**Student:** 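Before I ask anything, let me first share the structure, which is written out below as structure tokens.
Because the structure is predicted, anything quoted here is derived from the model rather than measured. Just so you know, ligand 1 is whichever comes first in the structure, and atom 1 is the first atom listed for that ligand. Scope of the values below: all heavy atoms of this structure, side chains included, with no hydrogens, waters or symmetry mates.
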Amino acid sequence: MAIREILTVPDPRLKQVSKPVEGGVTDEIRALMDDMLETMYDAPGIGLAAIQIGVPLRVIVMDLAREGEEPQPRYFVNPEIVETIEETKPYEEGCLSVPDIFDQVERPARCRIRYLDYDGNQVDEWAEDLYAVCIQHEMDHLEGTLFIDYLSRLKRDRAIDKVKKAKIRAIREDAN
Ligand code: GNR
Ligand code: NI
């Protein structure tokens with residue numbers, strides 16, 4: 001297992017549409033998911049899409065357990081949202097690819113998802129609460145969409161500028 005570098009805006013790779021995994025959940029895909037989970041825990045974050053470490057495949061990992069709780073790693077290969085309810089809910093979102101920026105995003109409150117798990121078994125289930133927020137946020141990454149794309153252009157441009165400036169500052173401090 002290895003911790004990989006997380007891409008941040010405005011890296012153009014984050015805008016790519018990720019490709020479906022062909023040939024099922026192989027050991028190679030499991031190794032990718034192991035690296036993603038380790039990278040996510042290290043960050044730390046509650047979800048991670050493969051494109052965030054530069055791999056344009058439809059693979060997601062997640063763990064919604066709170067600090068002190070037993071870890072609950074979840075793995076999603078070729079996930080699809082097959083149904084959503086009309087009711088929407090706002091949630092204060094953040095993203096490891098847009099570090100230290102948080103804002104409200106409104107999304108369907110529940111969605112039904114279908115995916116292959118770590119063992120390659122197909123799962124079909126409803127997601128609600130934080131699970132619904134996070135899976136929709138991660139599915140957006142697979143389409144090259146970030147949560148800041150739902151904000152006004154002014155807010156989005158400011159967010160990207162802040163991340164760019166923080167990166168420059170970090171590099172400077174590293175040199176000292
Ligand atoms: O760690 C994360 N927290 C979070 C908080 C609210 C809504 C979505 C998320 S996902 C984010 C990790 C991430 O960037 N996943 O793509
Ligand atoms: Ni994200």
Side-chain angles (χ1 to χ4, degrees), residues 3-21 29 32-81 84-85 87-111 113 115 117-118 126-151 155-164 166-167 170:
I3 293 168
R4 314 257 208 118
E5 193 190 333
I6 297 176
L7 309 181
T8 56
V9 286
D11 194 305
R13 288 172 285 180
L14 291 167
K15 301 219 143 164
Q16 275 183 255
V17 177
S18 292
K19 293 224 156 50
V21 170
I29 294 298
L32 168 66
M33 294 196 286
D34 292 345
D35 281 0
M36 286 170 62
L37 199 73
E38 194 179 358
T39 303
M40 185 195 82
Y41 285 144
D42 176 69
I46 58 172
L48 194 74
I51 193 60
Q52 292 180 276
I53 58 164
V55 178
L57 287 175
R58 302 185 84 82
V59 175
I60 290 165
V61 297
M62 193 185 296
D63 191 330
L64 302 175
R66 271 173 271 209
E67 247 188 72
E69 283 180 0
E70 191 74 7
Q72 284 170 35
R74 302 178 199 234
Y75 307 88
F76 307 83
V77 175
N78 297 342
E80 291 173 79
I81 293 176
T84 55
I85 64 164
E87 182 201 350
T88 62
K89 256 192 192 169
Y91 194 87
E92 183 93 351
E93 296 198 15
C95 181
L96 294 171
S97 295
V98 197
D100 302 315
I101 305 288
F102 301 89
D103 217 322
Q104 297 269 328
V105 177
E106 186 105 16
R107 300 184 188 272
R110 287 163 57 83
C111 58
I113 56 175
Y115 59 95
D117 66 14
Y118 196 82
W126 279 94
E128 59 182 13
D129 303 320
L130 185 56
Y131 186 19
V133 173
C134 195
I135 195 65
Q136 291 178 81
H137 173 114
E138 303 309 337
M139 297 278 307
D140 271 352
H141 277 297
L142 306 187
E143 298 302 317
T145 300
L146 300 170
F147 85 94
I148 54 171
D149 295 330
Y150 297 110
L151 310 179
K155 278 188 170 184
R156 180 167 56 250
D157 289 349
R158 276 191 183 149
I160 294 168
D161 206 57
K162 250 179 109 174
V163 174
K164 276 190 192 164
K167 231 183 287 185

**Student:** Looking only at atom types and distance, does a side-chain atom of S97 sit under 3.5 Å from a main-chain N or O of L7, one as donor and one as acceptor?
**Tutor:** yes

**Student:** Nearest protein heavy-atom contact for atom 5 (C) of ligand 1: which residue, which atom, what distance?
**Tutor:** G94 N, 3.8 Å

**Student:** Answer yes or no: does an N/O atom from S97 fall short of 3.5 Å to an N/O atom of ligand 1?
**Tutor:** no

**Student:** Decide yes or no on side-chain hydrogen bond (donor to acceptor under 3.5 Å, both in side chains) for Y41 and D63, but give the supporting numbers first.
**Tutor:** CA-CA 9 Å; Y41 285 144; D63 191 330; 2.4 Å; yes

**Student:** Measure the distance from atom 15 (N) of ligand 1 to every protein heavy atom, then report the residue, atom name and distance (to 0.1 Å) of the closest one.
**Tutor:** E138 OE2, 2.6 Å

**Student:** Students should be able to answer this: which protein heavy-atom is nearest to atom 7 (C) of ligand 1, and at what distance?
**Tutor:** E93 CG, 3.6 Å

**Student:** Would you mind listing which atoms of ligand 1 come within a distance below 4.0 Å of any non-hydrogen atom of C95?
**Tutor:** 14 (O)

**Student:** Rounded to the nearest 10 degrees, what's the angle NE2 of H137 makes with SG of C95 at the Ni ion (ligand 2)? Could you check?
**Tutor:** 110°

**Student:** Assess Y91 for proximity to ligand 1: is some non-hydrogen atom of it under 4.0 Å away?
**Tutor:** yes

**Student:** What do we get for M40 next to ligand 1 when only non-hydrogen atoms under 4.0 Å count, side chain, backbone, both or neither?
**Tutor:** neither

**Student:** With only distance considered, is G47 within less than 3.5 Å of ligand 1 through an N or O on each side?
**Tutor:** yes

**Student:** State, yes or no, whether a side-chain contact exists between I135 and Y115 at a heavy-atom distance under 4.5 Å.
**Tutor:** no

**Student:** Taking D11 for the side chain and T8 for the main chain, is one N or O donor matched with an acceptor at less than 3.5 Å?
**Tutor:** no

**Student:** Evaluate the side-chain proximity of T84 to R110: yes if any heavy-atom separation is below 4.5 Å, no if none is.
**Tutor:** no

**Student:** With distance as the sole test, does T39 use its side chain to make a donor-acceptor pair with the main-chain N or O of I3 at under 3.5 Å?
**Tutor:** no

**Student:** So, regarding C134 and ligand 1 (criterion: nitrogen or oxygen to nitrogen or oxygen, under 3.5 Å), is there a contact or not?
**Tutor:** no

**Student:** Taking atom types as modelled, find out whether Y150 and D140 have a side-chain donor-acceptor pair closer than 3.5 angstrom.
**Tutor:** yes

**Student:** Go through the steps to decide whether Y91 and D129 satisfy the test side-chain hydrogen bond (donor to acceptor under 3.5 Å, both in side chains), and finish with yes or no.
**Tutor:** CA-CA 10 Å; Y91 194 87; D129 303 320; over 6 Å; no

**Student:** In the structure I gave you, are the side-chain heavy atoms of F147 and V98 within less than 4.5 Å of one another anywhere?
**Tutor:** yes

**Student:** Students should be able to answer this: which protein heavy-atom is nearest to atom 14 (O) of ligand 1, and at what distance?
**Tutor:** L96 N, 2.8 Å

**Student:** Quick one: look up the protein heavy atom nearest atom 3 (N) of ligand 1 and list residue, atom name and how far away it is.
**Tutor:** I46 CG1, 3.4 Å

**Student:** Between ligand 1 and Q52, is the shortest N or O to N or O distance under 3.5 Å?
**Tutor:** yes

**Student:** I need the contact type for H137 against ligand 1. Using non-hydrogen atoms and a strict under-4.0 Å cut-off, is it side chain, backbone, both or neither?
**Tutor:** side chain

**Student:** Compute both the distance and the angle, then confirm whether R74 meets the cation-pi test with Y131: under 6.0 Å from the six-membered ring centre, within 45 degrees of the axis.
**Tutor:** yes

**Student:** For ligand 1, which atoms have a heavy atom of G45 less than 4.0 angstrom away?
**Tutor:** 1 (O)

**Student:** Of the side chain and backbone of F147, name the one, both, or neither that has a heavy atom under 4.0 Å from an atom of ligand 1.
**Tutor:** neither

